[in-house]
Amino acid sequence: MNKRVLVKFSGEALAGEEGYGIDTQILDYIADEIKNLVDNGIEVGIVIGGGNIIRGVTAAADGIIKRTSADYMGMLATVINGVAMQEALEHKGLSARLQTAIKMEQIAESFIVRKAIRHFEKNRVVIFSAGTGNPYFTTDTAATLRATEINACMLIKATKVDGVYDKDPMKYADAVKLETLTYDDALEDHIKVMDDTAIALAKDNKLPIVVANMNEKGNLLKIINGDFSRCSIVK
Ligand code: UDP
């Protein structure tokens, strides 16, 4: 196992109590967690969603905005989050590079996998934004794709819950946490790990997906070091 990982944060994770926008204190917390990884010699790629700003499906719901345009708006939202994340990482003294799947030279580098790997070799954190660059995909799929391309040993989906449950733990007191799932388990309708496209891609490429609580300090490092007691793993 090499020590290169891809961590996926949802856009909502950045929003804090407000439910929208970017809470810089949360960014600062995430930057600390990422610094903990880099300080321990781990190469880190990051994908961030855009749900704290806009989601394509929601924006297109009443038919005024076309789905394709709404999805491009969603991809742009991930770039906004990426710029913020790059700042927060640099504020912690880390070296970071933002890449985008859609060309916007003044703001970020274009996504070039060889360049990304060179950055990792120089201990830089690479943030992959604008999703896959295509409408009708999610940032979970983008994270799976980038993790595969950079040859990450695992994809960690950093969430607000500490793993995957057989039913919604917020609604059902008897929900049971599933420690290990197969990719086929994760494709079951009631298990919400990631969308089917992301799971299918991970399955094809044998990429382990770990679902973990981002609010538990030090958890990311523990997981990468092989302690899977506080998460769920799809493999
Ligand atoms: N999106 C897209 N193609 C991609 C990734 C994202 O069109 O490859 C758009 C899509 O509209 C999505 C939005 O960007 O709703 C924000 O991403 P996502 O919903 O995955 O963010 P998250 O839920 O993780 O915050």
Side-chain angles (χ1 to χ4, degrees), residues 1 3-16 19 26 29-30 33-34 36-37 42 44-52 55 57-58 74 78 81 128 131-132 137-148 150-235:
M1 251 195 193
K3 292 279 181 175
R4 182 178 295 158
V5 299
L6 193 296
V7 189
K8 157 81 205 293
F9 296 94
S10 73
E12 262 169 15
L14 306 186
I26 293 180
Y29 169 82
I30 293 176
E33 289 296 281
I34 300 298
N36 193 22
L37 303 185
I42 294 152
V44 188
I46 297 177
V47 167
I48 319 176
N52 55 325
R55 278 212 176 83
V57 174
T58 315
T78 73
N81 287 335
F128 302 104
T132 63
F137 287 95
T138 62
T139 49
D140 280 353
T141 299
T144 311
L145 178 62
R146 295 297 180 243
T148 306
I150 64 169
N151 203 20
C153 63
M154 68 177 80
L155 161 58
I156 303 177
K157 181 166 164 148
T159 68
K160 290 176 183 166
V161 288
D162 60 1
V164 182
Y165 287 77
D166 62 342
K167 48 192 159 187
D168 188 347
M170 305 289 180
K171 282 191 204 151
Y172 301 94
D174 62 340
V176 178
K177 193 178 132 193
L178 309 168
E179 306 286 336
T180 308
L181 300 90
T182 65
Y183 296 106
D184 290 328
D185 293 336
L187 286 166
E188 295 280 331
D189 281 348
H190 64 286
I191 308 273
K192 291 267 168 285
V193 181
M194 286 183 171
D195 57 282
D196 289 0
T197 313
I199 301 290
L201 188 60
K203 182 182 177 188
D204 276 355
N205 295 292
K206 301 186 176 58
L207 171 74
I209 302 170
V210 175
V211 179
N213 191 338
M214 61 173 261
N215 295 319
E216 207 171 302
K217 218 165 173 41
N219 202 20
L220 296 179
L221 183 61
K222 266 204 302 199
I223 290 166
I224 296 162
N225 285 334
D227 177 354
F228 296 104
S229 58
R230 305 284 294 150
C231 63
S232 295
I233 180 159
V234 184
K235 61 181 183 184

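Computed from a predicted model, the values in this text were never measured in an experiment. These numbers come from the heavy atoms of this one structure, side chains and all, not from hydrogens, waters or symmetry mates.
Listed by chain and number, the residues in a side-chain contact (heavy atoms from CB on, under 4.5 Å) with A202 are T144, Y183, L207, I209 (sequence neighbours excluded). Listed by chain and residue number, S229 satisfy the side chain to side chain donor-acceptor pair (under 3.5 Å) test with D227 (two or more places apart in sequence, or in another chain). Partners of T197 by side-chain contact (heavy atoms from CB on, under 4.5 Å), not counting sequence neighbours, listed by chain and number: F137, T141, D195.
Here the side chain of R146 pairs no donor or acceptor atom with the backbone of G45 at under 3.5 angstrom. Of the possible donor and acceptor atoms, one in the side chain of S232 sits under 3.5 Å from a partner among the backbone N and O of L178. In this structure a side-chain-to-backbone donor-acceptor pair under 3.5 Å is present from Y29 to M214. Although no hydrogens or angles enter the test, the distance criterion places no donor-acceptor pair under 3.5 Å between the side chain of T139 and the main chain of A142. A distance-only check finds no donor-acceptor pair linking the side chain of T78 to the backbone of G49 [under 3.5 Å]. With hydrogens and angles ignored, the 3.5 Å screen pairs no side-chain donor or acceptor of N52 with any backbone N or O of A15. Side-chain atoms of K3 come within 3.5 Å of backbone atoms of I224 as a donor-acceptor pair (strictly under, hydrogens ignored). Panel note: side chain K157, backbone V193; a donor-acceptor pair is recorded below 3.5 Å.
A pairwise comparison of heavy atoms in G218 and N36 identifies CA-ND2, 4.2 Å as the closest pair. Taking both residues in full, the closest heavy atoms of A175 and P169 are given as CB-CA, 3.8 Å, listed atom of the first, atom of the second, then distance. Between N219 and E33 the shortest heavy-atom distance is N-OE1, 4.1 Å.
To the nearest 0.5 Å, atoms CG (L201) and OG1 (T148) are separated by 5.0 Å. Atom CG of L6 and atom CD1 of I156 lie 9.0 Å apart (nearest 0.5 Å). How far CG of N213 is from CZ of R230: 7.5 Å, rounded to the nearest 0.5 Å. We find the CG-CG distance between L220 and L37 to be 5.5 Å, quoted to the nearest 0.5 Å. The line from CZ of R55 to CD of E12 is 4.5 Å long, rounded to the nearest 0.5 Å. Atoms NZ and CG, from K203 and L187 in turn, are 6.5 Å apart once rounded to the nearest 0.5 Å.
In the displayed structure, K235 atom NZ is contacted under 6.0 Å by at most 12 heavy atoms of other residues, nucleotides or ligands.
If you check the side chains of T182 and D185, you find a donor sitting under 3.5 Å from an acceptor.
At least one side-chain heavy atom of F228 sits less than 4.5 Å from a side-chain heavy atom of I223. At a threshold of 4.5 Å between non-hydrogen side-chain atoms, the residues I233 and T180 count as touching.
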For the pair V161 and M170, evaluate side-chain contact (heavy atoms from CB on, under 4.5 Å) and give the outcome as yes or no after the intermediate values. CA-CA 9 Å; V161 288; M170 305 289 180; 3.8 Å; yes

Hey, mind stepping through M194 and V211 against side-chain contact (heavy atoms from CB on, under 4.5 Å) and telling me if it holds? CA-CA 10 Å; M194 286 183 171; V211 179; over 6 Å; no

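Screening I30, N81, V47 against F9 for a side-chain contact (heavy atoms from CB on, under 4.5 Å) leaves a single residue, I30.
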